[in-house]
There are 2 protein chains.
Amino acid sequence: MNKNEIKNAGLKVTTPRLKILKILETAKEGHLTAEEVYKRLCDHHETIGLATVYRVLTQFEAADLVIRHHFEGGHSVFELAKETHHDHLVCVACSRVQEFVDSTIEARQQLVAQKYHFTLTDHAMVLYGFCARCKKEE
Amino acid sequence: MNKNEIKNAGLKVTTPRLKILKILETAKEGHLTAEEVYKRLCDHHETIGLATVYRVLTQFEAADLVIRHHFEGGHSVFELAKETHHDHLVCVACSRVQEFVDSTIEARQQLVAQKYHFTLTDHAMVLYGFCARCKKEE
DNA sequence: CTTAATGCAAACCGTTTGCATAGAT
DNA sequence: ATCTATGCAAACGGTTTGCATTAAG
């Protein structure tokens, strides 16, 4: 339950944190910017400041409840930390995000890291291009 | 020769553009932020505004003379466009950048794109971790 | 009651832009 | 002479922070 996730993170259970968690859970796109989270809160008639949204998302990130991605174009996107790791395809036209997993790529990354004596902590694998829909419209 | 590269890009051959190109060529690290380029120009006693550095780097990027990468942490880095494509390993402690190429990963990316009907225009593949030196110091 | 969390506005930082001046062709 | 490029300072957009107020434990 959400309350426990927040408690386990060592944070007090407050309305803003609960609402933000719910927004992320119910976002079918999965990936939202802080601004988008903020707008949805407004839509739901919640009065939560943008600063709080950033603060809470950052805390959730620190608690591994949320993952923050820095896609090209300056804005970060946040998604609920799911069980399974995955990477992203991003449409350069409509910004649609498609998740994918490729175990071959994952394995290769480890090999590359070993080759250069790096100990991986994280990686960013983002493919940019036109999605099927936007390709047509070109 | 540098003058021709600039001319071929449809740009006038000016001191700032020549100097910035030289800075990038002589940067052994290869990857510099706009700020770093600016500082080096100052070191060489050139009076070139930071705005010009950004403008020129952006023009060079448009002309495919330079590649801009958006690593995590908000700042972009620029590198001279080399013949060969490559990806990056970045040390999360010292920011050292190691280039690498893995044809298996490259091939797999195309497969993934096909699977989701994307036409790739670009990709970001950055591995983050501790380099050998920083790992020791932990 | 004590301490952490919020809202607001102001600060920040990297980057871009408007405008008058300087420079390239 | 014409038109692009530069420098400066001001604007910008996303994100963070200081501080007084409010709410959680």
Side-chain angles (χ1 to χ4, degrees), chain A residues 1-23 31-42 44-63 65-78 95, chain B residues 1-23 31-42 44-63 65-78 95:
Chain A
M1 186 235 285
N2 286 345
K3 289 192 182 180
N4 292 326
E5 299 188 49
I6 294 173
K7 249 180 218 159
N8 293 341
L11 300 169
K12 288 186 178 174
V13 178
T14 64
T15 311
R17 301 213 251 242
L18 283 169
K19 298 294 181 186
I20 290 172
L21 208 43
K22 192 171 301 176
I23 294 286
H31 308 75
L32 299 177
T33 64
E35 203 79 36
E36 285 166 344
V37 171
Y38 175 67
K39 286 207 193 91
R40 290 184 193 208
L41 288 168
C42 295
H44 293 236
H45 312 96
E46 299 292 338
T47 349
I48 296 174
L50 183 55
T52 299
V53 173
Y54 275 106
R55 263 186 302 231
V56 169
L57 287 173
T58 303
Q59 291 159 343
F60 284 177
E61 185 194 10
L65 285 177
V66 151
I67 296 173
R68 172 191 226 134
H69 300 281
H70 303 258
F71 293 161
E72 313 247 333
H75 45 348
S76 302
V77 299
F78 299 84
S95 297
Chain B
M1 188 235 287
N2 286 345
K3 288 193 184 180
N4 292 327
E5 299 188 50
I6 294 173
K7 248 180 219 159
N8 293 342
L11 300 169
K12 290 187 176 174
V13 178
T14 64
T15 312
R17 300 214 251 240
L18 283 170
K19 298 294 180 185
I20 291 172
L21 208 45
K22 191 171 302 177
I23 293 286
H31 309 75
L32 298 178
T33 64
E35 202 79 34
E36 285 166 344
V37 171
Y38 176 68
K39 285 207 192 92
R40 290 184 193 207
L41 288 167
C42 294
H44 293 235
H45 311 96
E46 299 292 340
T47 349
I48 296 175
L50 183 54
T52 300
V53 173
Y54 274 106
R55 264 186 300 234
V56 170
L57 287 173
T58 302
Q59 292 158 344
F60 284 177
E61 185 193 9
L65 285 177
V66 151
I67 296 176
R68 172 192 226 133
H69 300 281
H70 302 259
F71 292 163
E72 311 249 334
H75 44 347
S76 302
V77 299
F78 300 85
S95 296

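In what follows, every chain begins at residue 1, and chains take the letters A, B, ... in the order their sequences are listed. Hydrogens, waters and symmetry mates play no part in the numbers below; they use all other heavy atoms, side chains included.
Within the model, atoms CE of B:Met1 and CG of B:Leu21 stand 12.0 Å from one another, a figure rounded to the nearest 0.5 Å. Here the CD atom belonging to B:Glu5 is positioned 10.0 Å from the CG atom belonging to B:Leu18, to the nearest 0.5 angstrom. Expressed to the nearest 0.5 Å, how far CG of A:Leu57 lies from CD1 of A:Ile67 amounts to 13.0 Å. The NZ atom of A:Lys22 sits 9.5 Å away from the NE2 atom of A:His44 when rounded to the nearest 0.5 Å.
Across all strands shown, B:Thr33 has no heavy atoms under 4.0 Å from either base or sugar-phosphate atoms.
In this structure, A:Leu11 places its CG atom 10 Å from C1' of C:dA5, rounding to the nearest Å. The distance between atom CG of A:Leu57 and atom P of C:dT6, rounded to the nearest whole Å, is 11 Å. To the nearest angstrom, C1' of C:dG14 lies 9 Å from CG of B:Leu50. Separating the NZ atom of A:Lys12 from the P atom of C:dT2 is a distance of 13 Å, rounded to the nearest angstrom. The separation between B:His75 atom NE2 and C:dC13 atom C1' is 11 Å, rounded to whole Å.
Comparing A:Glu35 and A:Ala51 against DNA chain D, the residue whose closest nucleotide sits nearer the 5' end is A:Glu35. Place B:Lys7 and B:Arg68 on DNA chain C by their nearest nucleotides, and B:Arg68 ends up nearer the 5' end. Nearer to the 5' terminus of DNA chain C, by closest-nucleotide assignment, is the contact made by A:Gly49 (compared with the other of A:Gly49 and B:Val77).
Reading DNA chain D from its 5' end, the first and the last nucleotide to sit under 4.0 Å from a heavy atom of chain B are D:dC3 to D:dA9.
Within the 4.5 Å cutoff, side-chain heavy atoms of B:Lys19 are placed close to those of B:Leu41. Using a 4.5 Å cut-off on side-chain heavy atoms (C-beta onward), A:Glu46 and A:Arg40 make no contact. Side chains of A:Thr58 and A:Arg68 form a contact here, defined as non-hydrogen atoms less than 4.5 Å apart. Side chains of A:Phe71 and B:His70 form no contact here, defined as non-hydrogen atoms less than 4.5 Å apart.
Within a heavy-atom distance below 4.0 Å of DNA chain C, the residues of residues 13-22 of chain A found are A:Thr14, A:Pro16, A:Arg17.
Under a 3.5 Å cut-off, the side chain of A:Arg17 and the backbone N or O of A:Lys12 do form a donor-acceptor pair.
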